[in-house]
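Below you'll find the structure, written out as structure tokens, and then a few comments.
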Amino acid sequence: MTRKRTKARPARKTQSRARKTPKPRTPQAGGEPLDALIAAGARSLGLKIDRRWMAEIRNQLTVTLRHGASVAEFRLLDDAEPAPVFEA
Amino acid sequence: MEQASVSDIAGAVGSGRTTALAVADAALARIADRNRALNAFTDVVAGRARARARAIDKARSEGRALGPLAGVPFAVKNLFDVEGLPTRAGSKINRDLPVAARDATLIERLEAAGAVLVGALNMGEYAYDFTGENVHDGASRNPHDLGRMTGGSSGGSGGAVAGGLVPLALGSDTNGSIRVPASFCGVFGLKPTYGRLSRARTFPFVASFDHLGPFARSASDLALAYDVMQGHDPDDPVCAERPAEPTTGALAQGAAGLRVAVAGGYFRNGLFPEAKVAIERVASALGAKREIEIPEAARARSAAYVITAAEGAALHLDRLRKRSRDFDPAVRDRLIAGTVIPASLVVQAQKFRRWYRERVLQLFREVDVILAPATPCAAPNIGQQTFVLDGVEMPLRPNIGVYTQPISFIGLPVVAAPIPVKPLPIAVQIVAAPWREDIALRVAHALERLGVAAATPRPAA
């Protein structure tokens, strides 16, 4: 299979496109949406979370999702390959 | 011999001016004397060290050839497997593991070259740390000021070398865990290219970012140790199938002819005065007038942050299920948060990583070396939670690695070179293209000869 190379774009153009692209809806800190996500994730993964840990877990998740939003808003071509490449 | 270099010790042992046993005994005595203050060592393997030293002395007495590190005492971050010890990786939980049956590959390679393992070193729990603090073993303490952080997560490695306990230590670097303690403790640290040195039989953190490397008090000592540790190892699937590319002989070439630039933009923001001074001294000494922009460095840090959180959480999921109360709470809460990060963000971060790598490699067509700060500031106080960056109070811990993460994110080789700024040292990152550790070491060595970079070990009072 032939793949197109991921084209390098000038930073200015990238930033411009990023502004026009709706930002992902990241759950906001300090409220139920993240607590619900944490609780559902914990249930599905079999984790028991002490209620006293929730505030810091929420803080940490908020920061991580903020970083994640920065990554998600960067436009890449559909055929961009993730860094680790599997070799059969 | 307390501040003797690796090559001086090996030379003295090889020539018979001293014995490996005397060197090992002296190191063990220093550890016994000072470790209470520095808290760098968590395990001391005195019997093993003396047995190994005696074997070296016997080999010499029989006229057999000794290795280039004959009699050099060294220690390893306690995530390295050491035969007969549980690989605690800074945790309480891992102490319940069976003891390691075999040494890590890099220990085997250093000992094959004549070095003598004297113990294992303190670290942040499971390497998820930039401070060198540890709730189970206590904080590693900075030899320059015992109230200050060593930096982490290889805190004991930085403290042991800066404190004169050993001339050589090994650490790991996932997001900055060699370069940060090298900066705060004022010693040299090498984070090689991703895949260069075997990680076999060490406890992982983030498989796609984990590197191992040495700490020492000079660039030439780094090179000596690095050279004997190179080479493919089938026990680490990431370890590159490249022949060893020795660097020691290249150091004398210095920085002549190398195109050196200073990282601008992101790497100019948020610097404390000491970090600015350090960069300016190094750039001036090397005649580096060009400033270069590493594209999307902030986003690279964000992507590293996301991948770290997700991979770290996946690694520890079972321990979080069964023994969550035995973690350091600060580590546990970050790991639990990492369990629920959407997979789409992690995949996007890995795609961005490839894009970023291609862009940064283009820069190395124009320059050979990029200079960047290692840390925003010199060593903060132990327990400090915030610092003021550009007039804004920021959480300290996650921001210590702002300048290291965008570099290790794509596995570039880096020497952290200590600049003796008063009152506390701070390091500059010397970044080279993949597989060009020789260039980063040459520049670090040149800076030493110019009197700009120097380790200033200071035994604890």
Side-chain angles (χ1 to χ4, degrees), chain A residues 3 5-12 14-15 18 24-27 29 34-50 52-87, chain B residues 194 207-209 237-238 265 293 295-296 298-310 313-314 317-318 320-322 324-325 327 329-342 344-359 362 395 398 405 409-411:
Chain A
R3 285 193 175 278
R5 304 282 295 173
T6 303
K7 291 178 182 173
R9 302 186 191 89
R12 182 183 295 175
T14 301
Q15 287 166 1
R25 287 183 172 274
T26 304
L34 277 187
D35 288 1
L37 172 63
I38 295 165
R43 270 197 305 276
S44 67
L45 293 168
L47 295 172
K48 292 176 184 165
I49 297 179
D50 189 311
R52 290 169 297 183
W53 306 346
M54 279 300 284
E56 187 54 27
I57 294 170
R58 188 190 311 121
N59 288 342
Q60 295 295 338
L61 184 56
T62 301
V63 172
T64 309
L65 290 176
R66 194 180 302 139
H67 283 294
S70 164
V71 175
E73 71 184 20
F74 189 77
R75 305 294 292 173
L76 291 165
L77 298 179
D78 286 342
D79 64 353
E81 196 73 43
V85 175
F86 176 74
E87 292 180 23
Chain B
Y194 181 75
S208 61
F209 296 158
V238 164
E293 180 91 14
E296 299 289 352
R299 211 181 306 273
R301 182 190 172 226
S302 287
Y305 202 103
V306 170
I307 294 168
T308 297
L317 184 57
D318 198 49
L320 290 169
R321 286 188 183 119
K322 294 174 180 169
S324 58
R325 293 179 190 279
F327 279 83
V331 173
R332 177 198 62 215
D333 296 344
R334 275 185 288 170
L335 290 173
I336 291 175
T339 64
V340 294
I341 296 168
S344 56
L345 296 181
V346 182
V347 173
Q348 179 75 357
Q350 289 286 13
K351 288 183 174 180
F352 171 76
R353 188 181 182 192
R354 181 172 294 276
W355 179 93
Y356 176 72
R357 173 184 176 274
E358 290 182 8
R359 293 295 297 267
Q362 286 175 15
Q405 286 184 278
F409 179 51
I410 50 170

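Numbered from 1 within each chain, the chains take letters A, B, ... in sequence-line order. On a predicted model such as this, the values are computed, not experimentally measured, just so you know.
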Nearest heavy-atom neighbours spanning Phe74(A) and Gln348(B):
O-NE2, 3.0 Å
Who are the side-chain contact (heavy atoms from CB on, under 4.5 Å) partners of Gln350(B), not counting sequence neighbours?
Pro82(A), Ala83(A), Pro84(A), Ser208(B), Ile307(B), Glu311(B), Arg353(B)
If you define the side chain from C-beta out and look only at heavy atoms, does anything of Arg75(A) sit under 4.5 Å from Trp355(B)?
no
When you look at Val71(A) and Tyr305(B), which way does the side chain to side chain contact (heavy atoms under 4.5 Å, CB included) test go after all the steps?
CA-CA 10 Å; Val71(A) 175; Tyr305(B) 202 103; over 6 Å; no
Do you know the tightest heavy-atom contact between Phe352(B) and Leu76(A)?
N-CD1, 3.6 Å
Counting heavy-atom pairs under 4.5 Å to chain A, which of Thr339(B), Val347(B), Ile410(B) comes out on top?
Thr339(B)
Under 4.5 Å to a heavy atom of chain A? For Arg357(B) that would be neither
Spacing of CG belonging to Asp333(B) relative to CG belonging to Leu61(A), to within rounding of 0.5 Å:
11.5 Å
Starting at CG of Asp78(A), measure out to NZ of Lys351(B) and round the result to the nearest 0.5 Å.
7.0 Å
Closest approach of Ala309(B) and Thr64(A), non-hydrogen atoms and distance?
CB-CG2, 3.9 Å
Under the side-chain contact (heavy atoms from CB on, under 4.5 Å) test, residues paired with Arg334(B) that sit two or more places apart:
Gln60(A), Tyr128(B), Val331(B)
Which pair of non-hydrogen atoms, one from Leu65(A) and one from Pro342(B), has the smallest distance, and what is that distance?
CD2-CD, 3.8 Å
Taken to the nearest 0.5 Å, the spacing of Ile336(B) CD1 from Leu47(A) CG works out to 6.0 Å
